[in-house]
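As C-alpha cells, the structure follows; a few thoughts come after it.
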Amino acid sequence: MATNDFIRNLHNEVLARIISDLPAIEAIRTTLLSKRWKDLWRYASRLDFDPKGVRKLCGDDIDDPREEISRVVKNIENVLLSHKRNLISCRIVHLLSSCRNGDVEKWIKYLTSEKKVQELAFRCDDFQHQFYRRSRSGLGLNLPSGIFSCETLQSLEFTHYSIRSDSPFHHCHNLKTLKLYHCAISTETLEAIVSSCDLLERLSVCSSPSRLKQVRIFSQTVKTVELESLRSQGIYLSTQSLGVLVLHSMKFQAKNLVIHAPNLRVFTATRKPITKNSDNITKIAEILEYCTHLLVHWFLLKISIVVLYSVIYKCLGVKEMNS
C-alpha cells in the first residue's frame, strides 16, 4: 500500500522519465496498468525498439529470432507517429529487408526532422555470419547525402552495416560521437567521414569485417579514439585535441603506429586473453617499443608541472616574507 501511494503521488513527468528506461514494447505495456498510465509512454524521452521485449510479451514460443525482430519492426512507424514529444535517444534493431525497402532511411528522416533526436543507434541483425557474407557481395547502407546534418543530432551508432560512402555525413556539423561496430568500411571512407564531422569528439571503430589498409585520423576536434579488433597495416593519428587513445586486440605492424597528439593524457593498449587464434594480435610490448616518444613526452610534462609548482611556492613564500 505504501509503495502504491508513493507511485500514485509521483508527477507524470517523473513517471514518463522512468518509462523512458524501458524497452519500447514494455513501455507501451504500461498502458494496461490504469487510465492514468494510458498515454504516459507517449511522452518518454527515449525509445528502444529491442526485440528481446517481444519474447517477454509473447512467451518463449518464438523460436526464430527473425520473427521477434519482424514483429517489432512492423510497429515502429505506428509507435513513432503516436509518440508526442521530442526524443533524446532512439535505438532500432532490424533485418536486412529494412535496408532494401527504405525503412532505415525513412526512420532516420522522421527521427531527425520531426523528433529532433539527439542520439541514434541502429543495428542490422540478420545475424553475423549472414551479414558478413552479404555485405561482401555488395549490400550496403545506401542513404542520401547529408541525411545526418540535423542540428540536434550529437551521437550516432551503427552495428553490422557496409558503409561505402561518406556522403550521408556531409554537412554533419553537430555530431560529437560516432561508433561503428562490425561495419565494413574503407580507409578512405572513414577518413572522409571524420573530416566531414567538424565537431566530432569521440570515435569508436570495432571489428570491421573488411581489412582497413590504414587507420588515418586527422582532426582538430577529436578527443577520444577507441580502436578494437581491427586488421590494418598501420595507424596514423594527428589531432591536437586527442586526450584518450585506446587500442584493444589490434592487428597491425607496431612500427607503423604514428601518433601526433601533444595533448594525449591517456594511452591504453590491451589484448584479449591469449588463445590459439590470437597469435596475429599485435603484442603490447611491441606497441610500447615504438611509443617511447609518448613516454618521454609524459615524463617531461610531469617534470614541467613539478618545476611550475616549485616556482609558484617560491613566489608565494617571497610574497609572504615581503608582507
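Quick note: residue numbers are just sequence positions, from 1. Any value given below was found using the heavy atoms of this structure, including those in side chains, with hydrogens, waters and symmetry copies removed. Keep in mind the model is a prediction, meaning the values are calculated, not measured.
To the nearest 0.5 angstrom, Leu156 atom CG is 4.5 Å from Leu153 atom CG. Atoms CD and NZ, from Glu114 and Lys109 in turn, are 12.5 Å apart once rounded to the nearest 0.5 Å. One finds the OG1 atom of Thr239 at 11.5 Å from the CD1 atom of Ile259 (value rounded to the nearest 0.5 Å). Atom CZ of Arg231 sits about 9.0 Å away from atom CG of Leu212, to the nearest 0.5 Å. Considering CD1 of Ile19 and CZ of Arg42, their distance stands at 11.5 Å, rounded to 0.5 Å. Note that CG of Asn174 and CD of Gln118 are 11.0 Å apart. Values are rounded to the nearest 0.5 Å.
Closest approach of Ile235 and Met250 over heavy atoms only: CD1-CE, 3.7 Å. Between Cys183 and Ser208, the shortest heavy-atom contact is O-OG, 2.9 Å. A pairwise comparison of heavy atoms in Leu175 and Cys197 identifies CD2-SG, 4.0 Å as the closest pair. Contact between Cys150 and Thr112 at its shortest, heavy atoms only, is SG-O, 3.3 Å. In terms of heavy atoms, Val117 sits closest to Cys90 at CG2-N, 4.0 Å. Pairing each heavy atom of His182 with each of Thr159, the nearest pair is CD2-CG2, 4.3 Å.
With hydrogens and angles ignored, the 3.5 Å screen pairs a side-chain donor or acceptor of Thr187 with a backbone N or O of Lys213. With His170 contributing its side chain and Cys172 its backbone, the two residues share no donor-acceptor pair below 3.5 Å. Within the 3.5 Å criterion, the main-chain N or O of Gln220 finds a donor-acceptor partner in the side chain of Ser241. Here the side chain of Asn256 pairs a donor or acceptor atom with the backbone of Gln233 at under 3.5 angstrom.
Under the 4.5 Å side-chain heavy-atom criterion for grouping Ile, Leu, Val, Met, Phe, Trp and Tyr, Leu111 is not connected to Ile88 through any hydrophobic cluster. Tracing side-chain contacts under 4.5 Å through hydrophobic residues (I, L, V, M, F, W, Y), one reaches Ile147 starting from Leu200; they form part of the same cluster. Taken together through direct or relayed side-chain contacts under 4.5 Å among Ile, Leu, Val, Met, Phe, Trp and Tyr, Tyr43 and Ile18 form parts of separate hydrophobic clusters. Hydrophobic cluster membership differs between Leu199 and Ile217, with clusters built from Ile, Leu, Val, Met, Phe, Trp and Tyr side chains linked at under 4.5 angstrom. By the criterion of side-chain heavy atoms lying less than 4.5 angstrom apart, applied directly or through intervening Ile, Leu, Val, Met, Phe, Trp or Tyr residues, Leu22 is not grouped with Ile25; the two fall into different hydrophobic clusters.
Side chains of Asp39 and Lys84 form no contact here, defined as non-hydrogen atoms less than 4.5 Å apart. At a threshold of 4.5 Å between non-hydrogen side-chain atoms, the residues Phe49 and Asn75 do not count as touching. Between Cys99 and Tyr161 the shortest side-chain heavy-atom distance falls below 4.5 Å. You'll find the side chain of Lys179 reaches within 4.5 Å of the side chain of Arg202, heavy atoms only. Using a 4.5 Å heavy-atom threshold, the side chains of Ile163 and Ile193 count as touching. Counting heavy atoms from C-beta outward, Gln240 and His260 have side chains that approach closer than 4.5 Å. Between Thr221 and Asp198, the closest side-chain pair of non-hydrogen atoms is not below 4.5 Å. Side-chain contact check for His94 versus Asp103: every heavy-atom pair is 4.5 Å or farther apart.
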Inset, instruction - In sequence, state the C-alpha distance, the side-chain angles, and the governing distance for Cys124 and Leu96, and then conclude on side-chain contact (heavy atoms from CB on, under 4.5 Å). - result: CA-CA 6 Å; Cys124 182; Leu96 283 171; 3.3 Å; yes
Legend entry - side chain to side chain donor-acceptor pair (under 3.5 Å) between His248 and Thr270, worked out: CA-CA 5 Å; His248 179 58; Thr270 60; 2.6 Å; yes
Inset, instruction - Show your working on salt bridge (Lys or Arg N to Asp or Glu O under 4.0 Å) between Arg46 and Glu119 and close with a plain yes or no. - result: CA-CA 9 Å; Arg46 303 174 185 274; Glu119 302 171 3; 3.7 Å; yes
Inset, instruction - Could you check Leu180 against Leu190 for side-chain contact (heavy atoms from CB on, under 4.5 Å), going step by step and ending with a plain yes or no? - result: CA-CA 10 Å; Leu180 304 177; Leu190 179 60; 4.2 Å; yes
Inset, instruction - Dump the intermediate steps for side-chain contact (heavy atoms from CB on, under 4.5 Å) on Ile108 and Phe148, then the final yes or no. - result: CA-CA 8 Å; Ile108 293 174; Phe148 299 124; 3.9 Å; yes
Inset, instruction - Give the C-alpha distance, both sets of side-chain angles, the deciding distance and a yes or no for side-chain contact (heavy atoms from CB on, under 4.5 Å) between Asn142 and Arg164. - result: CA-CA 8 Å; Asn142 297 315; Arg164 297 196 295 262; 3.6 Å; yes
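Legend: salt bridge (charged side-chain N to carboxylate O under 4.0 Å, His left out) pairs involving residues 12-23, not counting sequence neighbours: none detected.
Ring-plane geometry between Phe122 and Trp107 is classed as parallel, the angle between the planes falling under 30 degrees on a 0 to 90 degree scale with a further cut at 60.
More than 12 non-hydrogen atoms from other residues, nucleotides or ligands lie less than 6.0 angstrom from OH of Tyr110. Atom CD of Glu77 is surrounded by 12 or fewer heavy atoms from other residues, nucleotides or ligands within 6.0 Å.
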